[in-house]
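Only heavy atoms go into these numbers, but all of them, side chains included; no hydrogens, no water, no symmetry mates.
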Amino acid sequence: MLDELLATAAVVGTAGVVYVAAAARVVKQYERGVVLRLGRLRGGIRPPGFTMIIPGVDRLRKVNMQIVTMPVPAQDGITRDNVTVRVDAVIYFKVVDAADAVIQVEDYRFAVSQMAQTSLRSIIGKSDLDDLLSNREKLNQGLELMIDSPAMGWGVQIDRVEIKDVSLPETMKRSMARQAEADRERRARIINADAELQASKKLAEAAGVMSEQPAALQLRLLQTVVAVAAEKNSTLVLPFPVELLRFLERAQVQPGAPTVEQIPQRPRPTEHKDDEFVLDEPKGDKFRREEAEDDEFPLDNPGASPLPGPE
């Protein structure tokens, strides 16, 4: 009798151990448990830790509550200004309601991925190329709102969406490079013209100061000479004041030599009116007489006597 009791206790104990092993479940800290009993959802969500279910009757679904990082495949589209681009993005989301994530949608990951792709193509068609390249924050917010609206019914919350890369055709890249180069050239010319304007104003002020003090111009000339002479491979061209040349010319004149003022001036021929000419006088005699008058005072030899005139 005792042996039978011991055997029954052993069988019951073994069955209990098997039952506990089959019914025991462990839910991790970042997970939540959804129990379906005979296909129907149980009211409560199993918290993290040890939990029990009825083997063969209950079915436990564990839902990850962590933030999921999912890359969105690159999508080809045409922008509003008719430019073909290829855009890829990344989406961050998490499950906020484990029961809805299990009941409302078959596979919430696949659903979020498909919604992100369609929303990305839609946002490409509504945007210009400049917005895709420079105004991504606004596009990210719009893309997040487009995905988050249907995802809230699935118990999923979209944390953020980021556009990673925008691929452009090679022809468009070359056109943009030429545009950027032209814009930089324009800004360089404007800056250069502004610098020339400011420099001209300063030079005008400097010229006004130097006009009051003529010695300042000579000092500025010497400074320029010193600056140019510092370069040994440069040819130095030194401007010479005209006043100094005149001073040297006056200093080189000999004391006994006649000056320009002392040289007698030859008489200018008397002007005659047309009616004062004698018609009987030959033209040759008149021209020889004028040449003789011009030779009375030769300039090459001031001391020589006048040449005798024609008899």
Side-chain angles (χ1 to χ4, degrees), residues 12-77 86-127 132 136-166:
V12 173
T14 303
V17 171
V18 172
Y19 177 81
V20 171
R25 296 290 187 272
V26 175
V27 180
K28 297 180 181 179
Q29 182 64 38
Y30 54 86
E31 294 176 341
R32 296 296 183 269
V34 179
V35 178
L36 298 176
R37 178 168 296 175
L38 297 177
R40 299 186 64 178
L41 178 66
R42 294 282 296 178
I45 302 298
R46 302 297 174 91
F50 181 80
T51 186
M52 296 287 292
I53 62 173
I54 301 175
V57 177
D58 294 343
R59 183 180 178 185
L60 180 65
R61 291 279 302 272
K62 299 178 182 179
V63 180
N64 192 341
M65 307 296 290
Q66 292 176 316
I67 295 177
V68 180
T69 304
M70 177 182 296
V72 180
Q75 302 296 315
D76 295 327
R86 186 179 179 87
V87 183
D88 58 350
V90 60
I91 182 172
Y92 303 88
F93 67 93
K94 63 180 179 179
V95 177
V96 294
D97 192 339
D100 289 342
V102 174
I103 302 302
Q104 300 297 332
V105 62
E106 180 181 3
D107 187 352
Y108 67 90
R109 289 176 178 265
F110 181 76
V112 170
S113 176
Q114 295 299 314
M115 179 58 65
Q117 294 180 35
T118 55
S119 300
L120 182 58
R121 285 194 296 268
S122 177
I123 207 71
I124 290 174
K126 296 179 181 179
S127 305
L132 289 175
R136 293 188 180 182
E137 291 295 332
K138 183 178 179 180
L139 296 180
N140 292 337
Q141 294 177 1
L143 190 60
E144 180 180 348
L145 291 176
M146 294 177 64
I147 303 174
D148 190 58
S149 298
M152 288 299 296
W154 306 334
V156 178
Q157 179 183 354
I158 305 300
D159 190 65
R160 63 184 307 172
V161 181
E162 295 286 344
I163 296 176
K164 293 197 301 183
D165 188 22
V166 178

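With sequence neighbours excluded, the residues that form a side chain to side chain donor-acceptor pair (under 3.5 Å) with Glu162 are Asn140, Arg160. Arg121 meets the side chain to side chain donor-acceptor pair (under 3.5 Å) test with Gln75; sequence neighbours excluded. With sequence neighbours excluded, the residues that form a side chain to side chain contact (heavy atoms under 4.5 Å, CB included) with Lys28 are Tyr30, Glu31. Contacts of Arg37 classified as salt bridge (charged side-chain N to carboxylate O under 4.0 Å, His left out), with partners at least two apart in sequence or in another chain: Asp58. Arg109 pairs by the side chain to side chain donor-acceptor pair (under 3.5 Å) definition with nothing, not counting sequence neighbours. With sequence neighbours left out, the salt bridge (charged side-chain N to carboxylate O under 4.0 Å, His left out) criterion links Asp76 to Arg86. Every residue meeting the side chain to side chain donor-acceptor pair (under 3.5 Å) condition with Gln66, not counting sequence neighbours, appears here in chain and number order: Asn64. The side chain to side chain contact (heavy atoms under 4.5 Å, CB included) search around Val112 returns Ile91, Phe93, Trp154, Val156, Ile158, not counting sequence neighbours. Residues that satisfy the side chain to side chain contact (heavy atoms under 4.5 Å, CB included) test with Gln114, not counting sequence neighbours, are Phe110, Gln117. Listed by chain and residue number, Val34, Leu36, Ala99, Ile103 satisfy the side chain to side chain contact (heavy atoms under 4.5 Å, CB included) test with Leu41 (two or more places apart in sequence, or in another chain).
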What side-chain donor-acceptor pairs closer than 3.5 Å can you find for residues 43-54, not counting sequence neighbours?
residue	atom	partner	partner atom	Å
Arg46	NH1	Thr51	OG1	2.6
Arg46	NH1	Met52	O	2.8

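Ser122 contributes no side-chain N or O that, together with a main-chain N or O of Thr118, makes up a donor-acceptor pair within less than 3.5 Å. No donor-acceptor distance shorter than 3.5 angstrom exists from the side chain of Arg59 to the backbone of Gly56, with no hydrogens or angles considered.
Other residues, nucleotides and ligands contribute only 12 or fewer heavy atoms inside 6.0 Å of the NZ atom of Lys126. Within a 6.0 Å sphere centred on CZ of Arg61, other residues, nucleotides and ligands contribute 12 heavy atoms or fewer.
The stretch residues 137-154 participates, sequence neighbours left out, in no salt bridge (Lys or Arg N to Asp or Glu O under 4.0 Å) pair at all.
For the pair Val161 and Val90, the minimum side-chain heavy-atom distance is 4.5 Å or more. At least one side-chain heavy atom of Leu139 sits under 4.5 Å from a side-chain heavy atom of Ser127. Looking at heavy atoms from C-beta onward, Ile163 lies in side-chain contact with Val87 at the 4.5 angstrom threshold.
The CE atom of Met152 lies 9.5 Å from the CG atom of Asp100; values are rounded to the nearest 0.5 Å. The CD1 atom of Ile147 lies 4.5 Å from the OG atom of Ser119; values are rounded to the nearest 0.5 Å. Atom-to-atom distance recorded for Tyr92:OH and Thr69:OG1 is 5.5 Å, nearest 0.5 angstrom.
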Run the side-chain contact (heavy atoms from CB on, under 4.5 Å) test on Asp88 and Val72 for me, step by step, so that the C-alpha distance in whole Å, both residues' side-chain angles and the decisive distance to 0.1 Å come before the verdict. CA-CA 6 Å; Asp88 58 350; Val72 180; over 6 Å; no

